[in-house]
Peer 1: 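Have a look at this one before I ask anything.
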4 protein chains.
Amino acid sequence: MAAVLHAVNDLRMERVPVPQVTSERNVLVRIASVGVCGSDVHWWKRGYIGPNRLQSPTIMGHEAAGEVVEVSGDARGLAVGDRVAIEPGYPCRRCEHCRSGHYNLCRDVVFLATPPVDGAFCEYITWPADFLFPLPDHVSMDEGAMIEPLSVGLHAARRAGVRAGDSVVVLGAGAIGLCALQAARAHGATTIIASDLVPLRLELAGKLGATEVLNAAEVDVEAAIMDLTGGRGVDVAIECAGTVPTIQMAMRVTRSGGRVQLVGMPAETEPELPLYELIQRELDVSGLFRYAGCYPPAIELVAAGRVDVASLITHHFPLEQTVEAMQFAHEHKDESIKVVVTAGNGDGNG
Amino acid sequence: MAAVLHAVNDLRMERVPVPQVTSERNVLVRIASVGVCGSDVHWWKRGYIGPNRLQSPTIMGHEAAGEVVEVSGDARGLAVGDRVAIEPGYPCRRCEHCRSGHYNLCRDVVFLATPPVDGAFCEYITWPADFLFPLPDHVSMDEGAMIEPLSVGLHAARRAGVRAGDSVVVLGAGAIGLCALQAARAHGATTIIASDLVPLRLELAGKLGATEVLNAAEVDVEAAIMDLTGGRGVDVAIECAGTVPTIQMAMRVTRSGGRVQLVGMPAETEPELPLYELIQRELDVSGLFRYAGCYPPAIELVAAGRVDVASLITHHFPLEQTVEAMQFAHEHKDESIKVVVTAGNGDGNG
Amino acid sequence: MAAVLHAVNDLRMERVPVPQVTSERNVLVRIASVGVCGSDVHWWKRGYIGPNRLQSPTIMGHEAAGEVVEVSGDARGLAVGDRVAIEPGYPCRRCEHCRSGHYNLCRDVVFLATPPVDGAFCEYITWPADFLFPLPDHVSMDEGAMIEPLSVGLHAARRAGVRAGDSVVVLGAGAIGLCALQAARAHGATTIIASDLVPLRLELAGKLGATEVLNAAEVDVEAAIMDLTGGRGVDVAIECAGTVPTIQMAMRVTRSGGRVQLVGMPAETEPELPLYELIQRELDVSGLFRYAGCYPPAIELVAAGRVDVASLITHHFPLEQTVEAMQFAHEHKDESIKVVVTAGNGDGNG
Amino acid sequence: MAAVLHAVNDLRMERVPVPQVTSERNVLVRIASVGVCGSDVHWWKRGYIGPNRLQSPTIMGHEAAGEVVEVSGDARGLAVGDRVAIEPGYPCRRCEHCRSGHYNLCRDVVFLATPPVDGAFCEYITWPADFLFPLPDHVSMDEGAMIEPLSVGLHAARRAGVRAGDSVVVLGAGAIGLCALQAARAHGATTIIASDLVPLRLELAGKLGATEVLNAAEVDVEAAIMDLTGGRGVDVAIECAGTVPTIQMAMRVTRSGGRVQLVGMPAETEPELPLYELIQRELDVSGLFRYAGCYPPAIELVAAGRVDVASLITHHFPLEQTVEAMQFAHEHKDESIKVVVTAGNGDGNG
C-alpha cells in the first residue's frame, strides 16, 4: 500500500511490491511514521518544484522512520529490529561535495519522493545502512520522522553560527521555523524572538523556547525587534517564512556584522533585496539546501530532551488515509503544524 | 576596609582610601560580592604565580560585582545605581591582540589582584565603564561575581568549538570545571561526562547537567569514558583538573579529529604528553588564558536560566572576615566549591 | 595648504594651521602621498555619501602616507623620522565591535575625509600612534598610500575565505578590483578571472595575476566564466564593479556552496537579486565595510613583493594641484587607475 | 615487475600479475613515477610503523602517478590515456569521518603500501576513479608523484590556518618541510623561516621561498627566530623535523595566540612538552594525519607554477632498480631530497 502521485491532483493509494535489498540500498525498512511536508503537498497540487517536474508515477513522503526488517551482508552497524530515522537523501559519495562533507550539494543525490525517486508513504523501503540512524528506545517513531525537519533547523543554526548568548529572530514559526528556533536555543541563543501570523504557531514558539513572540497581524514586527534589542538588531536572523517582506526584514533587523540565514524560498525567485544593508553593515547572508551530517546530532538533541519535536505533531492519519492527510495539511495550514501518517501498528511509537 | 596581602601568609584587613575616578578608570563601584579564587589563595600562601611575584602590599580578590556610585563624564552606558559585574582585566586597547579581539593576550592588561594592581576585597574600586556589565534585576550580586569563573568556562567551550549534539568530558569538577560543564551544555553538548575525586563536586556536576559522573577514586575514568562512548572517545575533552595524568588522559579519550581544551595548569610545567595520540589522531589541543568577550554572553546565560552559578556558592563571609574566608577556602577544598565575600548589606543579592 | 571642500563642486586650496598633537591623536605626520579615491570625487561632485552629508568645510583625502615629525609622550612604537602608512579610521576602542576585533563596524570611528572629520589632502595631520604603520625602507610613500585600497581588497579576500587552489572571479578591475585580485592571488587562488569594460584595467589585471581577462564589451562574461570552469562555476566571486548586473552575475557564476563577496555598492540600494541561486545552491554572500586589522599584512605583502600596488598609480599631481588631480580622476576614469597627490619633496618616495 | 617486501631487509623485485579492475577499483593505471618515502624505507628496515606490522609480502611505494589504460563502465570523469596523480588512500565513504569530509581519519581506508595493501612500485595498479586526479599536459609524471608529499604540506598549512601576511617557521626542511614551506607561501605567508641541519635542504628552502634559512649546526635557532621576529615569535610554526627538541621549540617560538602544526613524528611517543607555553600563551596545537581534499588544490598550485616540486627530486632510478633506489635514499639522506623510481619510458614525464 503506497500513496502514488500520478499527476497534479492525482494521488492514489495503490498496492506496490516490497522492494528488494541491493548492494547500495542494503537494508529493508518497514515504515512506521512519515510526516507530511509542504513539498509533498506542492508536488501534489503543482506537479513541480523549481526546475523538477513529475514525469512518471512516484510515491510521495520523505520524513520517515521505521524498523529494520532485513539487512544484507555488507550493511554495518544495523540489526534486524533496530528502530531508525531515515535520512532521505543518499549522495554519490564520490564528487567534490561528497568528499568535502557537503554531500547535500551532491548533484547525484537520491532523495525520497523527488521524482522519479519513490518516497516513504508506503510500507517498505530499501535504503543504504549509513543513512539510517538508530533511535534510542525512548525516542518514538514519530519523533524519528521529525528528525528530518529538525535537521533543516539544525543545519540553519549551524550555518548561521549561532553562539551561546546570541540574540536570534526566527521569522516564520511553522514546522521548520519551530525546529530552527529550538536548534538556535540548543546552540545557546538566549534571546529568541519568533514571529508569525498564525496564533497556534506562536503559542508553540513560546512553549518551545521563544523569549518573545510577535504576531505580525497585530504588531509592527520590525519595529518590535529593534525595540527589543535596544536599536541594535539581533545577532542572527533565521528566515523561515519564505516571503519577500520577511526576507527583506531579516536583513534590516540584523546587527552590523551579524548573520542572516535564509531557509524559506518565496515564489518570487528574483525579488528586490536591501543590498545597501547587506554591504554597508557587513552582513553574512547564507542560503541553505537540506542538510549534511545533521541526523546524528538531531537525534542526540531529541534523545536528551533538549529539543521537543513531539509537540509539533498535531494530527495523525493511518497510511491508507494518506490522501486525506495531505488534504488536511493543505486545507488546515493554520490549525496544524505537522501531520503524520502512521503505518503498521498505527501508533507511531514503535 | 580591604584585605591587603603584605607577604606570604600575611593578609591583613586594613583601612584604605576610597579611590578617585580618572579618565580611564571612570566609574566608582561599591563592591557587593567577591569570590575567593584559587589564585587568591595561591598568592597568599606562595607569594607568586608563574613568573609574577608580590613586591608591594596588594589587595586581593578579582571575581567581583557591585553597584555604580559615581560616573565620570565620559563613561557611557552606565548610570549611578546600576548593578554591575566587573570584568577584572582591562587591556591597552592598542596592541595587535587588542585590535584583533584577543585582548586577553594583551601584555599590558591591568588585572585586579595581580600585584601590583589592587583587587576587589574592599569597599570601593574604580574601573573603566566598558569593563563593567549591567546585571538584570533578577541576577544577584553573588551571581554577578560568578560571571568571572563562568567566563573562563565559556571561553573554554567556545575555543573547544563545542557543537550541538557533541559528547564532552570535563575532567575536574571544581568551580571552573562546573562552569565549563554548563557552558558546554549551553552550546548544545548532549553527552556530558564529569570526573573528579570529590563527592560534593560530582553531586553538583550531576545536578548541573552532567549525564554521567565518574568518581576517579572508584572507577577507571579512562576505561569508563571509552566504554560510555562505545570505544570512539568524546568529541571534546575539557581539562580543568590541572594534573598531568588528567591532561594525558584528555588526549587519549578524545576521538580522532576531536578537540582538547586545556584549562587547568599543573605544577609541572613540562610534563610528558602523549604526542603520538595528538599527531596521529589529528587532535586539536588548545591552551586558554582568561577570556575575551565572554562577560556579555555569560550574563545572558545566567539571566536566561541556562547556567546556574548560584549553586556553586557554598559559603559566605562578610568583608571584614576575608582572611577567614580565604582560610576556609584553603582548608576545606573538598567541602566547598566557591566561597564568597560580601560587603555592604551583606546578603550578596544587591 | 589643504584641499577643503566647502560645498558641491567647491573644492579650494587653502592655508590651514598645523594641528597640535593631543592625548588621542598623539603623533604629527607630514603627509607625503595621498591617493584620490572615488569617494573623494563623490563628495566633491555630490556632497553626500549614503546618509552622510557635508555640513561644514572639510579637507578631503584618506589614502595617505607620510613621515612622523612629532611624537607625544604616550605614543609607543614610533619615532620621529619613521615613514608610515596611515590607517584612516580610528575607532572608539570600547564598543562591542571594537572589543571583538571588528572595529570597522564601530559607530564612533573617526575617519579621514568623512565630514566633519578633516582628511589628508594637506601638509600635516595628527593621528593615533596605533593607527600608523611603519613602512620598510624599500616601500615607497606612494605604496604606503596604496595600503588603503589594498586593505579593502585584502579584507575582501579574507572575508571570502579564499583558499589555496581556489578559482576566483573578480568582477570590476578598477583600483579596488585590482587590489582584491592580487589579495586573492596572495591567498593562493590559482584560477583568477577578471572582467571589466576598460582595456587599461584588463591589461593591468593580466599583468598582476589574472589568468583570464574578459572584456564585457566583447564577450558574454557569464557564459565565459561558466565555460572556463567547465560549467561548475568559481569557488569565489568578488564583486567590485558595483553594478546590479554584475552583482546578479556574481551569484550565478559561483559554484554551489561557494562564496560571494560584495564590495562595490551600486546606486540602486534595493535591486532585484537572484535569491533562488543564493538559497538553493547554498551560497554565502557577504557584505564588506572598509577593513579591520589589514594594514599590517597589506604592508607585509607589498614589502615581500607579493602584491604590486605601484603599478596601479598611473598619474601624479603635486598637493597644490589637488583640485586638478580630482578633476583628472573624475574625467579620465578609463585612462587612469589611481591618481596620487604628492606633498613635500613631491616624488612620493619619501 | 614489482618491489615486494617479504621481511625486514628483504625487498625483492618480482613478477606479479596485472590486477583486474573491480567495481570499486575501477580504473587500471600504468605506473610512471613513484617517489621513495621515508615510510617505505622504515617498513623495509624495521618491518613496522606504529602499531602496524608486516605480515605477508607487500609491494611498497605510495607516491605515484601514471597513465589510465583501462576504465570500467562506472568510472566517471576519466578516459584511457589520461595522465593522473594517484591519491594513495581511498576511504570507506560511509563512516562519520567520511561523511564529514575528514576521510583521512577513516579507520577502513585502503592505503597503498600499508601492509597488507600492495603499493605502487610496480607496473600496474587498479584504483577508484575518484581518487585519481588528471594532470594538465604541462605537469610531469614526476610532479604528479610529488602531489603526495605536497598534499601533506598543504594539509599542514590549511590546518595551521596560515593567512596572508603571516610569519611562519618551518622546522625541518626535508621533502615534507619543503612542501609545507611552499604551501605556507602559497597561502600568503610573507616571513618564512626554515631551519635544518643539512645544507642541501637549506639551499633548496632558500630557493623555494624561505626568507631566512637557519642552519641548526651553526646558529641557535630559537634565539634567531625570536630575534627575527623582534621578540614576538611567529604566527605559525610547522614542525616537520620530527624530533623532540624541535617540537618543544615550536611551542616556544610561536607568538601568544599563535598556531603550532605538528607534522613530524619522533621516535619517542610521550616526550616532555612545554605545557606552560601551550596553556598560558593560548596556543593552538594541531596534529596531522595524511590529508583530505588536498590533491585537487595541490595539482592546481603546481600547474599554476606557484609551488615547485620538481626541484625536490634529486635522483631517479628505473623500476627494476627500486631496491637500489631505496638503498640510496636510506644511505644518502643528506645528499638527496626525493628519490623517484620511474617505470615505462623511464623519463618520468609521461
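Just so we're on the same page: letters track the sequence lines, and every chain starts at 1. It should be emphasised that the depicted structure is a prediction, and the values quoted were computed from it without experimental measurement.
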Peer 1: Does some side-chain heavy atom of D:Pro271 sit less than 4.5 Å from a side-chain heavy atom of B:Tyr276?
Peer 2: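 They are not in side-chain contact.
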Peer 1: A side-chain contact here means heavy atoms from C-beta on lying under 4.5 Å apart; do B:Pro266 and D:Leu275 qualify?
Peer 2: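 In contact.
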Peer 1: Taking CZ in B:Arg53 as the centre, count heavy atoms belonging to other residues, nucleotides or ligands within less than 6.0 Å. Is the count above 12?
Peer 2: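 Yes.
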Peer 1: Could I get the full list of salt bridge (Lys or Arg N to Asp or Glu O under 4.0 Å) partners for D:Arg259, not counting sequence neighbours?
Peer 2: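 For D:Arg259, the residues satisfying salt bridge (Lys or Arg N to Asp or Glu O under 4.0 Å) (neighbours in sequence not counted) are D:Asp166.
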Peer 1: Do any of residues 232-245 of chain D have a heavy atom less than 4.5 Å from a heavy atom of chain B, and if so, which, in residue order?
Peer 2: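 D:Arg232 fall under the 4.5 Å cut-off.
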Peer 1: What are the two closest non-hydrogen atoms of B:Glu270 and D:Glu272, and how far apart are they?
Peer 2: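 Nearest pair, atom of B:Glu270 first, then D:Glu272: O-CB, 3.4 Å.
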Peer 1: Sort out for me which of D:Arg159, D:Gln280, D:Arg281, D:Glu277 touches chain B most, counting heavy-atom pairs under 4.5 Å.
Peer 2: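 With the most close heavy-atom pairs to chain B, the winner is D:Arg159.
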Peer 1: Quick check on side chain to side chain contact (heavy atoms under 4.5 Å, CB included): which of D:Leu283, D:Ile279, D:Val285 does B:Leu262 satisfy it with?
Peer 2: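 Of D:Leu283, D:Ile279, D:Val285, side chain to side chain contact (heavy atoms under 4.5 Å, CB included) with B:Leu262 is met by D:Ile279 alone.
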Peer 1: Could you measure the distance from the CZ atom of B:Arg107 to the OG atom of D:Ser256? Nearest 0.5 Å is fine.
Peer 2: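 Going from the CZ atom of B:Arg107 to the OG atom of D:Ser256 covers 6.0 Å.
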Peer 1: Heavy-atom distance under 4.5 Å to chain B: side chain of D:Val260, backbone, both or neither?
Peer 2: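 No part of D:Val260 comes within 4.5 Å of chain B.
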Peer 1: Under a 4.5 Å cutoff for heavy-atom pairs, which residue among B:Glu96, B:Gln248, B:Glu268 has the most contacts with chain D?
Peer 2: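 Ranked by contacts with chain D, first place is B:Glu96.
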Peer 1: Between D:His97, D:Arg255, D:Met265, D:Gln261, which shows the greatest number of heavy-atom pairs under 4.5 Å with chain B?
Peer 2: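 Of D:His97, D:Arg255, D:Met265, D:Gln261, D:Met265 has the most heavy-atom pairs under 4.5 Å with chain B.
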Peer 1: Within the distance-only criterion (no hydrogens, no angle test), does the side chain of B:Glu282 pair as donor or acceptor with the backbone N or O of D:Phe289 below 3.5 angstrom?
Peer 2: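 Pair found, side chain donor or acceptor close to backbone of D:Phe289.
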Peer 1: Given the options D:Leu278, D:Leu273, D:Ile247, which has more heavy-atom pairs under 4.5 Å with chain B than any of the others?
Peer 2: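 When all of D:Leu278, D:Leu273, D:Ile247 are compared, D:Leu273 has the most.
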Peer 1: Is it the backbone or the side chain of B:Leu105 that comes under 4.5 Å from a heavy atom of chain D, or both, or neither?
Peer 2: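 Interface part for B:Leu105: side chain.
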